[in-house]
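The figures that follow rest on heavy atoms only: side chains count, while hydrogens, waters and symmetry mates do not. Quick note on labels: first sequence line is chain A, next is B, and so on, each numbered from 1.
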Number of protein chains: 2
Amino acid sequence: MTAPAPVVRKGRKGAGLTLRDVARLAGVAPITASRALNTPDAVSETVLKKVREAVERTGYVPNLLAGGLASKKSRLVAAVVPTIVGPIFLETVQSLTEALADAGYQLMLGQSGYENSREDALLEAIIGRRPDGVVLTGIMRSAESRKRLLASGIPVVETWDLTPTPIDMLVGFSHERIGVAVAQHLHAAGRRRVAVIAGVDERSRRRARAFSDEAVRLGMAVAGRKEVPQCMVPAPTTLGSGRTGLADLLGQDGAIDGVFCSSDILAMGVMIEAQVRGVAIPSQLAVMGFGDLSFSRDLHPQLTTVRIDGTGIGKTAARFIIERAEGREVPERVQDIGFTIIERQSV
Amino acid sequence: MTAPAPVVRKGRKGAGLTLRDVARLAGVAPITASRALNTPDAVSETVLKKVREAVERTGYVPNLLAGGLASKKSRLVAAVVPTIVGPIFLETVQSLTEALADAGYQLMLGQSGYENSREDALLEAIIGRRPDGVVLTGIMRSAESRKRLLASGIPVVETWDLTPTPIDMLVGFSHERIGVAVAQHLHAAGRRRVAVIAGVDERSRRRARAFSDEAVRLGMAVAGRKEVPQCMVPAPTTLGSGRTGLADLLGQDGAIDGVFCSSDILAMGVMIEAQVRGVAIPSQLAVMGFGDLSFSRDLHPQLTTVRIDGTGIGKTAARFIIERAEGREVPERVQDIGFTIIERQSV
DNA sequence: ATGAAAGCGCTAACAG
DNA sequence: CTGTTAGCGCTTTCAT
């Protein structure tokens, strides 16, 4: 048997280049080169230098697919959002991406859409990549999906909600408590007839319901009524929905002096419509939003709203996943990150 | 030698399950099972049914890492944005994710930040995954990065800009032409003293410069001046920047009757500040934005702005990448998607 | 239409 | 500290 012909080197530098090539250039075994790259402390100064030189010269970039397959660590984390349009989850995705990148992990983004149909295909695509973790914004709806995720054994962090039965880990807050707190805030500010405008997504609805219940309890509904005036608008919410929402509410019986909007965008629409109609804020109408988007403080009047620490959620979720990926346990798997009512001028 | 002990099956269903297990269950060779899954047309009805049954029963999900390694097709596409916060690129990322998902590709999201420092590490992480394509929003700045990308041989689509020397493929529009068109629009509307508020990012700056030059040419600057009043604000732009921007401009010498804002957010801030100061829009001041964000049509007055088909950009970029991934050539590698001036009430 | 063998590029496990 | 060996789970190539 003759020795095999030397492997034909591809023309492009960096393409088709493997660890073997680098190792050969550095005069060491592939595994040694691997160690020089991944656990530099485990090799001698000399070897380290030679390998780094070889990498530098060739422009070698390790194949993470191969590495992931061999080590069963993909350094990939999947994030699922209903939709990326709509600024609510943005802050979370942003900080998640950053926190992960800092630790050498990449983010894979999936949009589940607001219907269930895509969820299954998406889940399959995710599990197929064997990510080191999955971050869910909002709760996975279909029980089937939840089961598959659980079965896959991949660390999961649910966010932006609290649930009695988390799949695995969770960092969120109570939408019910927000509804209650907002009603109380409005009541404390002297408002006596309130209404709510909410997008038809499940969490908004829960905030609205809790708000309505508490408002009724505090006597802020028309006597005898079991709920306050509501206006449901399509998700994702828009400025336009806020405008028509207020118009709708104003058209209903009974004057209102306060309105809770399920998003800051909606609240801004309400403010614009109020201005157009000559309804003074806050004297005639108090407005509260949800989300504390960056523009809210710059409105006129400044918007009183509920702040969620989206960045904190992202960071914590990243930490949870990374802890698990490195084989450590996460002692407090459920974290209530709470919320803050930001008092500004619109109430 | 004795036969090795049977492999211990992991407890969790779906975990550690391989194609071999499925094949065994279906009574075929692994490769046949593989074909049943990937190229169903290449196997008999009988085999197809048996394999599908086995998959169903076991909850098997193919390991895409292994598949990608063997086939050199990762079905992964990387997208790089400066930051995901800031609604400009959202539409593009959204449609990109969807179009890719429909074709069985996943999106990996990277944020380069507005400085160059992270770009290199990010690029390494991206190339390491051997994606089937990379979509860049805005141009990669460092020449080093561009070179590495080119060397990697990965299909690249640059977006949101036009450049004489694209790395590979490109779908964008001319920021210069937008500046010119906006100046002309304002001029045609009878404005004679215009100004510009722009974020300090490179593309905004180019729009602003082209706008200024054209405005000067049309005689919309103070006689003898070589540029119109400008106010540069930090990127990403905010409502607050728009408000202070207008205040700044109003404080400068010479009354203005029109202002071009480098983003709709900025324009909205201008409108709020104008309202607070009792400056009537459009009669006293015409306002134009850029981006046509969803809220722009719902403002009062409705915002006249420049619309970019972000969804179209995402779709086209996805198509380009997919074409290449499937081995086809893309004949028109540079596509100017243009822009539209949306005439509403603020001019 | 189906299968056997080989290997993608890397790392775990075990030597030395 | 360094190297050898043996896969990770899949697909390619080449037979049958």
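Residue Pro62(B) has its side chain nearest to dC10(D) when only dG3(C), dC10(D), dC8(D) are considered. Considering only side-chain atoms of Ile31(A), the nucleotide from dT2(C), dG3(D), dG9(C) that sits closest is dG3(D). Proximity note for Ala29(A) (side chain, C-beta onward) versus dG3(D), dG3(C), dG7(C): the nearest is dG3(D). For Leu19(A), counting side-chain heavy atoms from C-beta on, the closest listed nucleotide (dT2(C), dC10(D), dC10(C)) is dC10(C). Listed nucleotides: dT12(D), dC10(D), dG9(C). Nearest to the side chain of Tyr60(B): dC10(D). Minimum atom distance to the side chain of Thr18(A) is reached by dG9(C), of the listed dC10(D), dG9(C), dT2(D).
The distance from atom CG of Leu48(B) to atom C1' of dT2(C) is 14 Å, rounded to the nearest whole Å. Taking atom CD of residue Glu45(B) and atom C1' of nucleotide dA1(C), one finds them 13 Å apart after rounding to whole Å. For Arg129(B) and dC8(C), the CZ to P distance is 21 Å, given to the nearest whole Å. Atom CZ in Arg130(A) sits roughly 21 Å away from atom P in dC10(C) (whole-Å rounding). Computed from coordinates, the Leu65(A) CG to dC8(C) C1' distance equals 10 Å when rounded to whole Å. Between the CZ atom of Arg75(A) and the P atom of dC10(C) there is a distance of 16 Å, given to the nearest Å. Atoms CG (Leu69(B)) and C1' (dG7(C)) sit 9 Å apart, rounded to a whole Å. In this entry the distance linking NZ of Lys50(B) with P of dA1(C) reads 15 Å, nearest Å.
For the residue pair Ser112(B) / Glu119(B), no side-chain donor-acceptor distance below 3.5 Å is found, with atom types taken as modelled.
Phosphate proximity of dC10(C) to Lys72(A): absent, as no side-chain N or O sits under 4.0 Å from OP1 or OP2. At the phosphate of dC8(C), neither OP1 nor OP2 sits under 4.0 Å from any side-chain N or O atom of Asn63(A). Neither OP1 nor OP2 of dC10(D) sits under 4.0 Å from any side-chain N or O of Ser71(B). Phosphate proximity of dT11(D) to Ser34(B): present, with a side-chain N or O under 4.0 Å from OP1 or OP2. Taking only side-chain nitrogens and oxygens, Ser44(B) never comes nearer than 4.0 Å to OP1 or OP2 of dA1(C).
Residues Ser74(B) and Tyr105(B) are not in side-chain contact: their nearest non-hydrogen atoms beyond the backbone lie 4.5 Å or more apart. Inter-residue side-chain proximity for Thr18(A) and Asn63(A) is flagged as unmet; no heavy-atom pair is nearer than 4.5 Å.
Nearest-nucleotide mapping onto DNA chain C: of Leu64(A) and Thr46(B), the residue sitting toward the 5' end is Thr46(B). Nearer the 5' end of DNA chain C, as judged by each residue's closest nucleotide, is the contact made by Ala42(B), out of Ala42(B) and Ala70(B).
One distance of note links CD1 of Ile313(A) with OG1 of Thr92(A); it measures 5.0 Å at 0.5 Å rounding.
Looking at Arg148(A) and Glu124(A), a side-chain N of the basic residue comes within less than 4.0 Å of a carboxylate O on the acidic one, giving a salt bridge.
Between Val156(A) and Asp168(A), the closest heavy-atom pair is N-OD2, 2.9 Å.
You'll find a donor-acceptor pair under 3.5 Å spanning the side chain of Arg35(A) and the base of dG3(D), going by distance alone.
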